[in-house]
Structures are given as C-alpha cells and as structure tokens.
Amino acid sequence: MNTRTPLIAGNWKMYKTNAEAVETAGQLVELVADTSDVDIMIAPVFTAIDPVSKVVAGSRVGLGAQNLYWEKEGAYTGEISAGMLVAAGCQYVIIGHSERRQYFGETDETVNKKIGAAIAADLIPVFCIGETEAERESGNTFSVLDKQVKDGLKEKVVEDLGSLVIAYEPVWAIGTGKTATSDQAQEAHQYIRSLIDGLYGATLADSVRILYGGSVKPANVAELMAMPDIDGALVGGASLEAESFSQIVKF
Ligand code: PGA
C-alpha cells in the first residue's frame with residue numbers, strides 16, 4: 001500500500017460561462033461534501049476562476065487553472081502568471097495538456113518553464129504527458145514519455161518537486177471514448193514512476209502522484225484506480241456534470 005492521496009481532477013477546457021461554472025461548482029461542493037481521503041480539483045476557464053473560488057472556498061473542492069505564463073508580470077498581452085492564479089484562489093495548474101501542445105505551440109521547453117514558475121509560486125503543477133496513436137503503433141510510447149518527462153522536468157525545476165503531479169494522457173484516448181486498458185495505463189504509469197526514480201530518486205518516485213486521463217467515466221474509474229501506480233484521474237468530458245464527476249470522485 002502506498003501513502004499517496006488520490007487526486008481526481010476535472011479539466012473543464014473551454015466550456016461553461018461564469019454562471020454555468022458557478023452552478024456546477026456549487027452542485028459539486030454538495031455532492032462531495034461527505035468525501036475524505038481524496039483530493040478533488042476543478043479547472044474552469046480563466047474568467048470563471050474568481051467566481052468559482054468563492055463557491056468552493058472552505059469545501060472539499062480545490063481549484064486549478066488550465067495554463068499559465070512563466071513570467072511574473074510584464075508586457076505579455078493575453079497571458080496570466082502563476083502569482084495571479086494564486087491571488088485568484090488557485091492551488092493547482094494544468095501544464096502541457098496535449099491540446100495546448102497540438103493547437104497552441106506548447107513544447108517541452110515551454111512546459112519546463114511553466115512547471116518551474118508554478119512550483120516557485122506554490123502552485124501544484126499537473127504536468128501532462130502522453131503519446132499519440134501513431135507513436136504507440138510504431139512502438140515509441142516509452143521513448144516519447146521518456147523525452148517529455150526528462151525535458152519537462154529538466155534543470156532548475158527539480159529543486160523541489162515535492163508537490164508535482166503527473167498526468168499520463170494517451171492522446172488517442174482523450175475525448176474519443178477509447179480508454180487505455182487498465183493494464184496499458186498501469187504499464188505506462190510504472191514506467192513513468194521508474195523514470196522519476198532514475199532522475200530524482202526513490203523518495204520522489206514514491207510520493208509523486210500519477211493521474212490517468214483519457215475518457216475516464218464513472219463506469220471505468222474503479223478498474224483504473226485499482227492499479228498500483230494509478231493515483232487519480234484527470235477527467236475532461238465526464239467532469240462537466242457534477243453528478244458524473246462526483247461519481248468518479250467516489251470511485
Ligand atoms: P476526456 O479528456 O476525459 O474528455 O477524454 C481528458 C483530458 O483532456 O484531460
């Protein structure tokens with residue numbers, strides 16, 4: 001038995017107006033009020049962070065953002081810093097989601113800077129990695145994960161990675177209804193944990209939480225969570241409704 005507290009995280013992507021986000025967050029707060037021994041996080045769009053922070057304050061539900069920029073402040077039109085997210089009530093930030101890598105030019109280098117900025121501001125980074133379908137089919141899953149982990153965590157960000165969360169999200173399973181089997185996910189998670197062991201030692205490897213993401217639903221979460229190296233879930237579609245997300249939280 002490990003001592004890692006499971007984390008169930010909801011990535012709301014570019015869904016929900018402020019009014020909708022506040023409503024769903026309020027429902028979720030009630031539905032999960034009786035939970036314990038599980039950390040819960042939702043990540044609304046930037047504009048909804050402040051109103052949602054007031055709804056989740058003092059509840060079981062933590063708050064995250066979906067991205068940040070690594071500079072503290074400055075002439076960077078359209079960007080938001082780690083310190084600003086903290087000031088708005090965030091404890092977490094998702095970094096390097098495959099949609100950002102695919103559509104917005106996110107690279108391992110920018111991910112590395114963002115993880116450093118998040119940790120420096122005491123935000124918990126949820127660092128996303130995962131292979132595409134073509135990479136899996138050509139037998140390159142492990143080499144892709146290897147590069148994403150090493151480049152994403154290289155250099156100065158390693159000083160204190162204590163709060164780090166990694167999310168393994170095979171790109172072919174995101175929003176497609178195709179979930180990795182629990183054995184496929186476990187194999188990848190075990191590999192990622194062994195990479196952390198090799199890079200930063202057993203203490204961090206034992207404590208780092210590795211979430212699975214990609215079409216997690218109430219019906220498949222228990223099987224995934226039963227695997228020894230799966231410490232939680234990063235949930236997209238099924239996090240948008242409080243009822244289904246609360247069922248996942250209560251896996
Ligand atoms: P999904 O998204 O649960 O809708 O597959 C997961 C994610 O993108 O984090």
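Every number for a ligand or one of its atoms is a count from 1 in the order of the listing.
The pair Lys250-Asp34 meets the salt-bridge criterion, since a charged nitrogen lies less than 4.0 angstrom from a carboxylate oxygen. A salt bridge is absent between Lys113 and Glu71: the closest approach of a Lys/Arg side-chain nitrogen to an acidic carboxylate oxygen does not fall below 4.0 angstrom. A salt bridge links Arg209 and Asp39; the closest N-O separation between the charged side-chain nitrogens and carboxylate oxygens is under 4.0 Å.
By heavy-atom distance, the residue among His97, Glu99, Glu169 lying nearest atom 8 (O) of ligand 1 is His97.
Any N or O atom pair closer than 3.5 Å counts here, and Ser215 shares at least one such pair with ligand 1. Ligand 1 has a nitrogen or oxygen under 3.5 angstrom from a nitrogen or oxygen of Gly175.
Under 4.0 Å from ligand 1, heavy atoms of Ile174 appear from its side chain as well as its backbone. When heavy-atom distances to ligand 1 are checked against a 4.0 Å cut-off, Ala173 comes that close only through its backbone atoms N, CA, C and O.
At least one side-chain heavy atom of Ile196 sits less than 4.5 Å from a side-chain heavy atom of Leu153. Residues Pro228 and Gln186 meet the side-chain proximity criterion, which asks for heavy atoms closer than 4.5 Å. Using a 4.5 Å heavy-atom threshold, the side chains of Tyr168 and Leu234 count as separate.
Near Gly214, with a cut-off below 4.0 Å to any heavy atom, the atoms of ligand 1 are 5 (O).
For Arg101 (side chain) and Cys128 (main-chain N/O), a donor-acceptor pair under 3.5 Å exists by modelled atom type.
For the ligand labelled ligand 1, residue Ala238 lies outside the 4.0 Å heavy-atom shell. Ligand 1 lies less than 4.0 angstrom from a heavy atom belonging to Lys13. Using 4.0 Å as the threshold, Gly213 has no heavy atom nearer than that to any atom of ligand 1.
In this structure, atom 4 (O) of ligand 1 lies nearest to the protein heavy atom Gly237 N, 2.9 Å. The nearest heavy-atom contact from the protein to atom 3 (O) of ligand 1 is Gly236 N, 2.9 Å.
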**Request:** I would like to know whether Lys16 and Glu23 meet salt bridge (Lys or Arg N to Asp or Glu O under 4.0 Å); could you show each step before the answer?
**Result:** CA-CA 10 Å; Lys16 297 187 187 293; Glu23 187 186 7; over 6 Å; no
